Structure formats: structure tokens, C-alpha cells
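A quick note: this is a predicted structure, and the numbers were derived from the prediction, not measured.
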Amino acid sequence: MRFLNLLALLLFTASLLVAPAWAQNETLNAARIESLQAAVDADSALSEEVRTSLTQALAEAQDSLATIAVMEDRQKQYRDVIASGDARVEALEQQLRDVQEAPATVDSRLGRNPDRDALEAEIDRLDTQRAAWIAERQLEMDASAAAAALDQERRERLAQLSSRLQETVSSSTGAPSSDLEQRVLAAQRTGKRQALQAEKTTLELAQRAAPRINSVRTAKLALLDASILDSDQYRSMLQARLAEVRSNEAQQRRAEVRRLLGTLGDAPDKFAAMAAANLALVDATEALAAELESARDEIDALRSSKEAINADASLTRRRLEVAGLKSELGEVMLSRLGSLPDVRGLAAARAQRNLRITELSLATIDTEQMLRTVEKGPLFHNSTGAEAWTAQQSRVAARLELQHRSLLQEKLQAGNRLVTMLVEANQASEELGDQARAYEQLLTANLLWVRNYAAITPDALRQQLWKAQAMISRWDFTSVDYTRLLDLPLLVGLLLMVVL
């Protein structure tokens, strides 16, 4: 009898372990969904309402597959970070050492004697690279600031997922039948469960990868800071070398003009006028170059101010999130408010630049017209009686005219570059003004709620009332020390309210 009872128990247990046909494949895939959809479409016994409901359930199962695919891709990324995080940190630290041990110099990057075009092109390239580094650094800093909140969100989401997974398992423990509707609903439940499990696995991997991500971010920020500092120093070298090259070129042009006139002995007045015109172009081009460098410095200052305000605004937001509205923080915000740039002054400077842009644009039109005139034929020859010149005078005139054409082209290029720089300066000024206004709104909005005294607590109220009673009981109204009232701000406030 015992043997028969034991055999019956084993058979019953085995029957529970044998899954029905529709549940043998618990893993959801596209082929299973397509098969079920084909069965739904082919079953003529289904009503339209049921068919629509089953089709919607299969669509949700398909969405679950898409979610699973996204989560699996993120899991791969997190696993890669976990596996390669230390190597990535080491590589970034090596790059940092390379930047610190071998700072960029003009000779190492451009050779011993770079010309003006090479220097200007390198400055433009460096400005573009620096802007990209700054944008990348800002993204990393924002991500670092949001890391704590993101970690908390992940923890809360993991708790929700664990609860929902348990609910999903509990809801699918009933004895299902083998009809089509039950198979579709089972696929829908399986899809939801697998999607929730995939998201849970992804978040768990994200938590494991978070320390390595932070380490990589820290190393990357250090590298970006060092690269930006190195680029600023390198740019200063480039600007100094460019100013030197331009000064040398201007001196060479002036010396060449004087040399050409010196070959004529007593140069006619008309040749002196040619030389004066070229010397004037040299002076004008040199002045535009100096103004161009001033505009570059102004752009750098504007962008640096914007970066500083942006970083300080981010830090203030984090302080408000952590510390709340406190009087100590209010004093800090007041100091920041006083250090913001004058938005009206920025607007006035932009108006001045716009006037200068108009002047340069008009001058560019005149220069282009002069170039077209020179290109049509000999300018100096036709206006100075070339038929009366000696061979030496003709050669000098041709050389002066060639120099005149070259100087016109240089002046045109310098003017165009200056216009571009002034436009960039205006854009940087507008961005700084927008950043300053946004930060000012943040500061003033929070300063309105900052209190110089903490909110009164019941214990503090009780202590002040006892102190008031004790003081009043000892008062000699003929000789009251009214300065003692300063020790009781609450009582003073109540008295003022009664009086007013």
C-alpha cells in the first residue's frame, strides 16, 4: 500500500511538471508571435472583438521584444564599460601625462619659421578644438552632477521592477487551458516578464558599472582641463608669433618701398605719391591686424565669463538641492548677484561693434573696387605718364604697383576676418547676456525665499515666552534697559504688530 501511495504521488508531481503545448516554449521570440498572429487571423470562430483584443496583445508582445533588444544593447555597453573601464582610465591618465610632459609649442607643431597663413590657420583650428573640448567638458560635468540623482532613480526603479516581476509571476500561476486565446495571453505575459527582467538586469549592470564610469569621467575631466589649459598657452604663443610675423612683414614692406625709391636717386613727386599710397596700405593693414587680435582677446574674455557663470550656476543649483534655502547660502547668492556682468553694458558694446562692422563693410566695398581697377590695367602707369619714364623708373613703377595689388588683397582679407571676429564677439556677448540673465533669475527667485532667521520651533517659542515673563516680572519701568529687547526678536515683532 505504501508503494502504491508513493507511486501515485510521483505521478501527480510529474503531471504538474509537464507543461501544456502552448507553454512549452517560455522564451518569447518573433517567430512565436508571428505564428500566433497567423493562428488568430486564420481562426474564423473568433469574434471581431476578441480578434482585435488578441491582435493588440500580440502587438504589446512585439513592443516587449523591441524593449528587450534595446536593453540587451545597453547591457552590452555596460559590460564593455565594466570590462574595459580600468584600461580606459589608464589610457586617459597616459594622455594626461603626455600633455603635461610635452606641452604644445609653435616650433613643435608648425616648424621653426611658420608664415602668417599657417599661424592664422592654426589659431582657427585651435579655437574650434577648444570650443569642442569645452562643450565636452560641460557635458561631463552635467553628467557628474546628475550622477547621484540618477543612482537614486535606479534604486527606486529596481525596487519597482522587483515588485512588478513578483506580481507577474503570481498572476501567471493559474492552470491555463490550451486554446488560442490562452496561448496569446501567455505570450503577452511572457513578453512583459522578459522585458521587466531585461530592464532589471540592465539597471543592475548600470549600478555595477557606475564606479568605473565615474572613474573614467574623472580622468576625462582632468584630461580636458589639461588640454584646454595647454591650448590656451599654445594660443598665446601663436598670437605672439603672429604679431611678430606681421610686424616683420610690415617693416619689410616699408623697407622695400624706401629701397625702391632709393634706386631712383631724386625720385619724382609722382613716385613719392605711389610710395605714400603703399605705405598707407601697410599702416591700414597693420591697424586691422591689431584690431583683429583685440577682437580675439575680447571673444576669449566673453566666453571665459560665460563658462564661469555657467559653472557657478550649476554649483548653485547643486547647493540649493542639497542645503536648501538657508541664510548662509543667501549671502553667497547675494555676492554672486553683485558679480554678474552688466547686461546693458554688453548691449552697448554690441551696438558699437555693429557700427564698426558697417564701417568695415563699406571699406571692403571700396577696396574691392580698387582691386578691380588695378586688375584692368596698370594703375600708376596710366596716371603718371609712363611714356616719359626711364627703364629704371618703369621697373620701379611696376614693382610698386605689384606691391599695391598685394597690399590691397591683404587689407581686404584682414577686413573680412575682422568682420567675422566682430560678429563672433557679438554672438559671444549675446550668449553671455542670456547666461547672466538666466543666472540672475535663478538667484533672485531663490533669494526671495531665503530667511535670515530659521523658522521658530515650539521649544524656541516656549523659551522666548519664559524669558519674556521673567524679564517683565523684574522690570522697573522707571529704569528700563530697552536694549534687552534685542534678545527677544519675536516679542519685538509682536509689539510692532500691535502698535502698527
Side-chain angles (χ1 to χ4, degrees), residues 106 110-125 238-265 267-296 356-357 359-387 389-422:
V106 178
L110 302 179
R112 294 181 61 85
N113 297 306
D115 59 14
R116 175 168 49 84
D117 292 338
L119 290 167
E120 290 177 345
E122 183 70 358
I123 289 175
D124 292 339
R125 184 200 65 79
L238 289 169
Q239 287 180 308
R241 183 70 68 87
L242 181 59
E244 181 182 352
V245 169
R246 283 173 172 162
S247 177
N248 291 337
E249 287 181 351
Q251 293 176 7
Q252 290 173 3
R253 296 292 176 82
R254 294 188 182 98
E256 184 180 8
V257 171
R258 297 186 182 97
R259 183 184 61 79
L260 289 173
L261 290 179
T263 61
L264 298 178
D269 293 339
K270 293 180 179 179
F271 282 89
M274 295 182 199
N278 285 2
L279 290 174
L281 284 175
V282 171
D283 294 339
T285 304
E286 193 173 19
L288 288 174
E291 194 174 352
L292 180 64
E293 293 307 314
S294 177
R296 286 184 186 275
R356 182 57 178 152
I357 289 172
E359 295 174 357
L360 291 169
S361 300
L362 294 175
T364 297
I365 295 174
D366 296 338
T367 304
E368 290 175 346
Q369 181 59 40
M370 293 176 67
L371 268 174
R372 283 192 292 268
T373 302
V374 170
E375 290 171 355
K376 289 179 180 178
L379 178 64
F380 295 142
H381 292 187
N382 294 339
S383 61
T384 56
E387 67 279 1
W389 292 348
T390 64
Q392 178 63 19
Q393 289 175 336
S394 296
R395 285 193 295 269
V396 170
R399 186 72 185 100
L400 288 173
E401 184 161 340
L402 182 63
Q403 187 187 59
H404 190 76
R405 182 184 293 109
S406 175
L407 289 170
L408 284 174
Q409 292 173 345
E410 291 181 13
K411 180 185 177 183
L412 182 63
Q413 293 174 359
N416 289 335
R417 290 178 65 85
L418 180 56
V419 168
T420 301
M421 284 295 160
L422 291 176

For R405 against L371, the heavy-atom pair lying closest together: O-CD2, 3.9 Å

Can a donor-acceptor pair be found, under 3.5 Å and without considering hydrogens, that links the side chain of S406 to the backbone of L402? no

Which heavy atom of T367 sits nearest to which heavy atom of L408, and what is that distance? CG2-O, 3.6 Å

To the nearest 0.5 angstrom, please state how far the CD atom of E293 sits from the CG atom of L288. 12.0 Å

Could you give the distance from OG1 (T285) to CG (L412), rounded to the nearest 0.5 Å? 10.0 Å

Is the shortest distance from a Lys or Arg side-chain nitrogen in R125 or E122 to a carboxylate oxygen in the other one below 4.0 Å? yes

Compare all side-chain heavy atoms of Q413 with those of E120 and state whether any distance is below 4.5 angstrom. no

Heavy-atom check, side chain of M274 versus side chain of Q403, under 4.5 Å: no

Are side-chain heavy atoms of R296 and I123 found at a separation under 4.5 Å? yes

Under 4.0 Å between a Lys/Arg side-chain N and an Asp/Glu carboxylate O for D124 and R417? yes

Close side-chain approach of I357 to S361, heavy-atom, < 4.5 Å: yes

Could you grab the distance from atom NE2 of H404 to atom CG of L407, nearest 0.5 Å is fine? 8.0 Å

Spatial distance of atom CG (D117) from atom CG (L242) [nearest 0.5 Å]: 10.0 Å

Output the distance between atom CZ (R356) and atom CG (L422), rounded to the nearest 0.5 Å. 7.5 Å

Closest non-hydrogen atom pair between V245 and P114, with its separation: CG2-O, 4.1 Å

Just so I know, are the side chains of M421 and E291 near enough to count as touching, which here means a heavy-atom distance under 4.5 Å? no

State whether E286 and R254 are salt-bridged, where the test is any N-O pair (Lys NZ or Arg NE/NH1/NH2 against Asp/Glu carboxylate O) under 4.0 Å. yes

To the nearest 0.5 Å, tell me how far L292 CG sits from Q239 CD. 9.0 Å

Donor-acceptor contact below 3.5 Å, side chain N278 vs main chain L400: yes

Got a salt bridge between E410 and R116, using NZ or NE/NH1/NH2 to carboxylate O under 4.0 Å? yes

Between M370 and L281, is there a side-chain heavy-atom distance shorter than 4.5 Å? no

